[in-house]
Protein chains: 2
Amino acid sequence: MNLDQTDRSILYLVQKENRTELSTGDIAEQVGVSSSTVSNRLRRLRESGIIVDYKPEIDYEKAGIPHHVLFVCTAPIGDLKRVATDALNTPNVVNVRELLSGTRNLLVEVVGVQTTDVERVAEDLDALGIDIETSEIVREEYSRPLGHFGSQLSGE
Amino acid sequence: MNLDQTDRSILYLVQKENRTELSTGDIAEQVGVSSSTVSNRLRRLRESGIIVDYKPEIDYEKAGIPHHVLFVCTAPIGDLKRVATDALNTPNVVNVRELLSGTRNLLVEVVGVQTTDVERVAEDLDALGIDIETSEIVREEYSRPLGHFGSQLSGE
DNA sequence: GCTGAAAACTTAATAAG
DNA sequence: CTTATTAAGTTTTCAGC
């Protein structure tokens, strides 16, 4: 699917603003098309898989889940896909990333109420044949929209 | 703020399902309260900062942005907060994570249309006093809702 | 492809328990 | 705290361009 500047502007805005507080009318006003067009474009972006979905960002600490750890791991390359899926299905694991690298090729993000939750995940990953190289405490995370999508918007 | 089982179930469902395709009525049905209650709970969860906001997950490759790299970096600990903010404001940077560690304490996620986009970010980070230890190509990323929130839902 | 208008749907505010 | 009702707002559909 080829994106035109209307698609790119819409993508920029839905990344920049909280989606639930940004109506198609609001987007339409800033992009300079009708709200029906925004609705159609957003549907096409979803259907083509460019917008995968909308996820809430959870502040785990405020939610009473104080432990937040990133395991930097090495998994056998041939098994990486399977092992990544298994890791994701381990309780308390919230995110897994595959990296294209011989070692340190899997990042596993874990949250938990108790330190024992995190320790149990470490054991489970070990049982899956995943080597934990290092474990890091996550302090803070920040995201930003990609400016590339918004370059033609007035005022941007 | 203390979460009860209703809050946890709602949190689980909004993580699990695409938020824009899940109305408060749908949630209400599964949790066993009225849609007004779901609406009230969701507002409280947002106001208390537990739900930070709803972000679209973008498939950069499908969007015509083929390069996706994770820089594993070391930044001076005293400056970490400032440096993380500066890194986030660098064009083509979409995500920054601070880790609680002496070295390799900053993960910077970069996307770009050209390899030169990524190279330019590497130079910009260097100019900010950030050491790039390794750079990894991101193949795939998977997320999962935290089961802890959903343990009391029927059928889960 | 786009738009405006109508229909369908969703959320938030209210009143009451 | 909860819920049902209702008003306000939003999204989608559709005929016409």
Side-chain angles (χ1 to χ4, degrees), chain A residues 1-59 62-64 145 149-154 156, chain B residues 1-59 62-64 145 149-154 156:
Chain A
M1 177 182 171
N2 269 354
L3 301 182
D4 66 11
Q5 192 50 51
T6 300
D7 293 314
R8 280 196 283 270
S9 298
I10 292 171
L11 269 178
Y12 178 71
L13 289 171
V14 296
Q15 285 182 275
K16 189 178 155 209
E17 303 276 336
N18 191 324
R19 178 68 185 90
T20 53
E21 288 171 12
L22 189 72
S23 70
T24 53
D26 295 334
I27 299 171
E29 207 176 306
Q30 296 189 60
V31 177
V33 292
S34 73
S35 63
S36 325
T37 298
V38 174
S39 177
N40 288 330
R41 296 299 188 105
L42 279 173
R43 182 164 38 75
R44 271 175 38 204
L45 288 167
R46 270 183 278 121
E47 285 174 357
S48 66
I50 290 175
I51 295 177
V52 181
D53 63 4
Y54 297 89
K55 289 266 172 185
E57 191 185 319
I58 307 285
D59 186 323
K62 284 191 181 153
F149 293 131
S151 48
Q152 296 308 114
L153 274 185
S154 61
E156 298 291 339
Chain B
M1 177 178 171
N2 269 354
L3 301 181
D4 64 13
Q5 193 50 49
T6 301
D7 293 313
R8 280 195 283 269
S9 298
I10 292 171
L11 270 177
Y12 178 72
L13 289 172
V14 298
Q15 285 181 273
K16 188 179 157 209
E17 305 275 337
N18 191 324
R19 180 66 185 92
T20 53
E21 287 171 12
L22 189 72
S23 69
T24 54
D26 296 335
I27 299 171
E29 207 174 306
Q30 295 190 60
V31 177
V33 293
S34 72
S35 62
S36 326
T37 297
V38 174
S39 178
N40 288 331
R41 295 299 187 105
L42 279 172
R43 181 166 38 75
R44 271 175 38 204
L45 288 167
R46 272 183 276 119
E47 285 173 356
S48 66
I50 290 174
I51 295 177
V52 181
D53 61 8
Y54 297 90
K55 290 267 173 188
E57 190 184 320
I58 307 286
D59 186 324
K62 285 190 180 153
F149 293 132
S151 49
Q152 294 309 117
L153 274 184
S154 61
E156 300 288 341

With sequence neighbours left out, write down each residue that passes salt bridge (charged side-chain N to carboxylate O under 4.0 Å, His left out) with B/Arg19, or none if nothing qualifies. none
Tell me, please, which residues at least two apart from A/Ser48 pass side chain to side chain donor-acceptor pair (under 3.5 Å). none
Going 5' to 3' along DNA chain D, which are the first and last nucleotides with any atom under 4.0 Å from a heavy atom of chain B? D/dC1 to D/dT5
Can you name the closest pair of heavy atoms from B/Val31 and B/Ser9 and give their distance? CG2-CB, 4.0 Å
With sequence neighbours excluded, what pairs up with B/Ser34 under the side chain to side chain donor-acceptor pair (under 3.5 Å) test? B/Thr37
Which ones in residues 32-48 of chain B lie close to DNA chain C, meaning a heavy atom under 4.0 Å from one of its atoms? B/Ser36, B/Ser39
Nearest heavy-atom approach of B/Ala63 to A/Ile50 is CB-CG2, 3.8 Å
For chain A, the stretch of DNA chain C it reaches, first to last nucleotide, under 4.0 Å of its heavy atoms: C/dG1 to C/dA5
A/Arg46 side chain to A/Val52 main-chain N or O, any donor-acceptor pair under 3.5 Å? no
Can you list the residues that meet the side chain to side chain contact (heavy atoms under 4.5 Å, CB included) rule with A/Glu21, with sequence neighbours excluded? A/Asn18
Sequence neighbours excluded, the answer for side chain to side chain donor-acceptor pair (under 3.5 Å) partners of B/Asp4 is B/Arg41
Taking side chain to side chain donor-acceptor pair (under 3.5 Å) as the test, write out the residues that go with B/Asp53, two or more places apart. none
Suppose we screen for side chain to side chain contact (heavy atoms under 4.5 Å, CB included). Which residues come up paired with A/Pro56, at least two apart in sequence or across chains? A/Ile58, B/Val14, B/Gln15, B/Ile51, B/Tyr54
